[in-house]
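We count ligands from 1, going down the list as the structure has it; atoms in each ligand are counted the same way.
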Amino acid sequence: MLDQTTNLASLLNDPSLLETRAYVNGAWIDGDRGTFAVDNPARRDTIAEVADLSREQVAGAIAAAEKAQKDWAKWTGKERAGVLRKWFNLMMEHQDDLATILTAEQGKPLSEAKGEIAYGASFIEFFAEEAKRIYGETIPGHQRDKRIMVIKQPIGVVGSITPWNFPNAMITRKAGPALAAGCSFVARPASETPLSALVLGVLAERAGIPAGVLNIVPSSSSSEIGKEMCENPAVRKITFTGSTEVGRILLRQAADQVMKCSMELGGNAPFIVFDDADLDAAVDGAILCKFRNNGQTCVCANRIYVQAGVYDAFAEKLKDKVSKMKVGDGLEEGTDLGPLINAEALEKVQEHIADAKSKGAEVILGEREQNLSGNFFAPTIVTGATRDMAFSTEETFGPLAPLFKFETEDDVIELANDTIFGLASYFYAKDLSRVYKVAEALEYGIVGVNTGIISTEVAPFGGVKQSGLGREGSHHGIEEFLEMKYVCMSV
Ligand SMILES: NC(=O)C1=CN([C@@H]2O[C@H](COP(=O)(O)OP(=O)(O)OC[C@H]3O[C@@H](n4cnc5c(N)ncnc54)[C@H](OP(=O)(O)O)[C@@H]3O)[C@@H](O)[C@H]2O)C=CC1
Ligand SMILES: O=C(O)CCCC(=O)O
């Protein structure tokens, strides 16, 4: 455990993995703006001071990435696959240390952090394999003397901005396909969780990824760095995960350069339990889906709709299981729910509960702030949720499960789709025709049927409506980092 007398490095098998300087052009550098503090959300104390890069330093990283990309693009797919594979192996070899660093700065339980490292590494493994399969195409010519060939080429320098909720996997899900495609990468991690990003730089260097191909640029000024990435003509693509609000800002900024953008933005996932569902399986699925990462996931259930005939039984079973979940420091054995990321996140959960109560909802479990020193909050269930309550339209991003009652399939589809978001959705049902109809009717990029976990490197992750643009993961994920060129030959 971390306390006043134990520092983070002493908890690691390989303390040299803990890096606080930025990684630019293969060198570890200090920030022109000094350092900024990284806090442990379980104790609210500072665990590291990290290099705070200026906008000019990030411009330098972009210039280095532009230069390095020219050679990297010439490597064969198999050569790129070789070093990416080494990077993957190193992540898995140091999985325990990477997870300890992640939990220390982000808060999630160590077992979940280990899961995230394996999940994050899986994108590097998957896209290392895809590096060899960037196929073009030939098209029969439109005239007798014409031959048409389509080739795929790396888009160039990629600017990446990622959030704190998955400080490892959100970077690897972007860097894996980018590097496999032959792009170079400048990553600006969330200011709450830069250590998990920097350790990826340490391992990339050890794996032999050439200088300048991967750059990690922590900075306390996200807006300045976002502007540099959008305004610098060397950057050809922005890839972002975070709130829809910031996604809109980046899209506006990127418009001036007509820059390609991938956006993984907010969600407001409905989780629907029909009366023919296996209720115990639905309860287990809801717990995984709602409380993973303490509800701080854009694919977490935000609204739980339960059909009238099974509403009370579902609420009772859910309450029974959730009441046994242990809240505590993620580094302690047996913790199911760690702290929330910061005080604002805690306030948002409290506001959503207060709003719901003022409109008639009943709290059947939780609500209290835990009697612990960090950003802890007890998992909370409210019944009697209605569409005028704040969580109907806004992501809570915390451990609050609101239960809405519905009568018919048509009603719940209308309710579920009544949002500007369209990332993940879930439902539990057995009737086959219902399963098909509902899966087709949900206006979401992802539908989980009889499962609460949908994340995998082999499937295309992404949303419709204001949840974003583009897909990450699967063979589709690499297309986001490639340009198509059509070559017309007269023979
Ligand atoms: N889709 C998802 O996975 C996520 C969704 N969210 C949603 O967003 C809400 C707010 O969370 P929050 O962390 O504030 O999300 P943000 O969208 O504000 O932050 C995500 C990333 O964007 C950076 N950022 C913030 N403002 C700018 C800007 N103007 N230009 C460039 N980069 C910027 C942040 O930097 P910095 O770290 O310095 O703030 C962070 O790295 C959550 O409650 C949740 O609803 C949040 C995180 C992930
Ligand atoms: O909140 C996010 O954007 C990350 C989703 C994590 C996952 O891939 O499951």
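Among all protein heavy atoms, the one lying closest to atom 7 (C) of ligand 2 is S455 OG, 3.2 Å. If you check which protein heavy atom lies closest to atom 39 (O) of ligand 1, you get S191 OG, 4.1 Å. For atom 14 (O) of ligand 1, the closest heavy atom belonging to the protein is W164 NE1, 4.8 Å. Of the protein's non-hydrogen atoms, R188 NH1, 3.8 Å is the one closest to atom 34 (C) of ligand 1. The closest protein non-hydrogen atom to atom 3 (O) of ligand 2 is C298 SG, 2.5 Å. Protein heavy atom in closest approach to atom 47 (C) of ligand 1: P163 CB, 3.6 Å. For atom 41 (O) of ligand 1, the closest non-hydrogen atom of the protein is T162 O, 2.8 Å. Distance from atom 31 (C) of ligand 1 to its nearest protein heavy atom, with residue and atom name: S222 O, 3.3 Å. Distance from atom 6 (N) of ligand 1 to its nearest protein heavy atom, with residue and atom name: F397 CZ, 3.7 Å. The nearest heavy-atom contact from the protein to atom 7 (C) of ligand 1 is E395 OE1, 3.6 Å.
Of all the listed residues (G226, P167, S223), S223 holds the heavy atom that lies closest to atom 28 (C) of ligand 1. Counting heavy atoms only, S243 comes closest to atom 8 (O) of ligand 1 of the residues S221, G159, P218, S243.
The shortest N or O to N or O distance between I249 and ligand 1 is not under 3.5 Å. Remark: ligand 2 and T297 share no N or O pair separated by less than 3.5 Å (distance only, no angle test). Where the criterion is an N or O separation shorter than 3.5 Å, residue side chain and backbone included, M170 fails it with respect to ligand 2. Of the polar atoms of Q296, none of the N or O atoms is found under 3.5 Å from an N or O of ligand 2, judged by distance alone. No N or O atom of T241 sits closer than 3.5 Å to an N or O atom of ligand 2.
Close contacts of ligand 1 with N165, meaning ligand atoms under 4.0 Å from a residue heavy atom, involve 3 (O), 48 (C). Of all the atoms in ligand 1, the ones that sit under 4.0 Å from a non-hydrogen atom of E192 are 37 (O). Those atoms of ligand 2 that come under 4.0 Å of a heavy atom in Y119, given as number and element, are 7 (C), 8 (O), 9 (O). Of all atoms in ligand 1, listed by their number and element, those nearer than 4.0 Å to a heavy atom of C298 are 1 (N), 2 (C), 3 (O). Against a heavy-atom cut-off of under 4.0 Å, E264 is close to the following atoms of ligand 1: 1 (N). Contact atoms of ligand 1 toward A190: 37 (O), 41 (O) (distance under 4.0 Å to a heavy atom of the residue). Which parts of ligand 2 touch N165 is read off a 4.0 Å heavy-atom cut-off, strictly below it: atoms 1 (O), 2 (C).
Taking a 4.0 Å cut-off on heavy atoms, F240 registers as neighbouring ligand 1. Using a 4.0 Å cutoff on heavy atoms, R173 counts as a contact of ligand 2.
Inside a 4.0 Å radius of atom 24 (N) of ligand 1 there is at least one protein heavy atom. For atom 19 (O) of ligand 1, the nearest protein heavy atom is 4.0 Å or more away.
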W28 and E205: CA distance, side-chain angles, deciding distance, side-chain contact (heavy atoms from CB on, under 4.5 Å) verdict
CA-CA 10 Å; W28 293 96; E205 187 179 27; 2.9 Å; yes

Evaluate the side-chain contact (heavy atoms from CB on, under 4.5 Å) criterion for residues H94 and L203: first the C-alpha distance (whole Å), next the side-chain angles of each, then the deciding distance (0.1 Å), finally the verdict.
CA-CA 9 Å; H94 295 287; L203 297 180; 3.8 Å; yes

Kindly indicate, with the supporting measurements, whether the criterion ring pair (Phe, Tyr, Trp, His ring centres under 6.0 Å) is fulfilled by F88 and F123.
CA-CA 9 Å; F88 160 77; F123 291 103; over 10 Å; no

Start with the C-alpha gap between Q466 and R248, add the side-chain angles, then the distance that decides, and say whether side-chain hydrogen bond (donor to acceptor under 3.5 Å, both in side chains) holds.
CA-CA 9 Å; Q466 295 190 30; R248 283 192 202 103; 2.5 Å; yes

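A salt bridge links K321 to D284: at least one charged side-chain nitrogen sits closer than 4.0 Å to a carboxylate oxygen. The pair E130-R133 counts as a salt bridge, with a side-chain nitrogen and a carboxylate oxygen less than 4.0 angstrom apart. A salt bridge is absent between R33 and E224: the closest approach of a Lys/Arg side-chain nitrogen to an acidic carboxylate oxygen does not fall below 4.0 angstrom.
Dense packing is recorded around NZ of K465, with more than 12 heavy atoms of other residues, nucleotides or ligands lying under 6.0 Å away. Atom CZ of R236 sits in a sparse spot, with 12 or fewer heavy atoms from other residues, nucleotides or ligands closer than 6.0 Å. Atom NZ of K260 sits in a sparse spot, with 12 or fewer heavy atoms from other residues, nucleotides or ligands closer than 6.0 Å.
E480 places no side-chain N or O within 3.5 Å of a backbone atom of S262 that could act as its donor or acceptor partner. N232 contributes a side-chain N or O that, together with a main-chain N or O of A234, makes up a donor-acceptor pair within less than 3.5 Å. Formation of a donor-acceptor pair under 3.5 Å by the T172 side chain with backbone atoms of I124 is not found in this model. A side-chain donor-acceptor contact under 3.5 Å links Q257 to the backbone of C230. For the pair N168 (side chain) and L102 (backbone), a donor-acceptor distance under 3.5 Å is absent.
Stacking of K174 on the aromatic ring of F185 is not recorded, the 6.0 Å distance cut-off and the 45° axial limit not both being met.
Residues S196 and E105 have side chains that bring a donor and an acceptor to within less than 3.5 angstrom of each other. A side-chain N or O of D39 and one of T46 form a donor-acceptor pair less than 3.5 Å apart.
Contact annotation: for I454 versus ligand 2, there are no heavy atoms closer than 4.0 Å. Of the heavy atoms in E116, none comes closer than 4.0 Å to ligand 2. Looking at I341 against ligand 1, nothing comes within 4.0 Å, counting heavy atoms.
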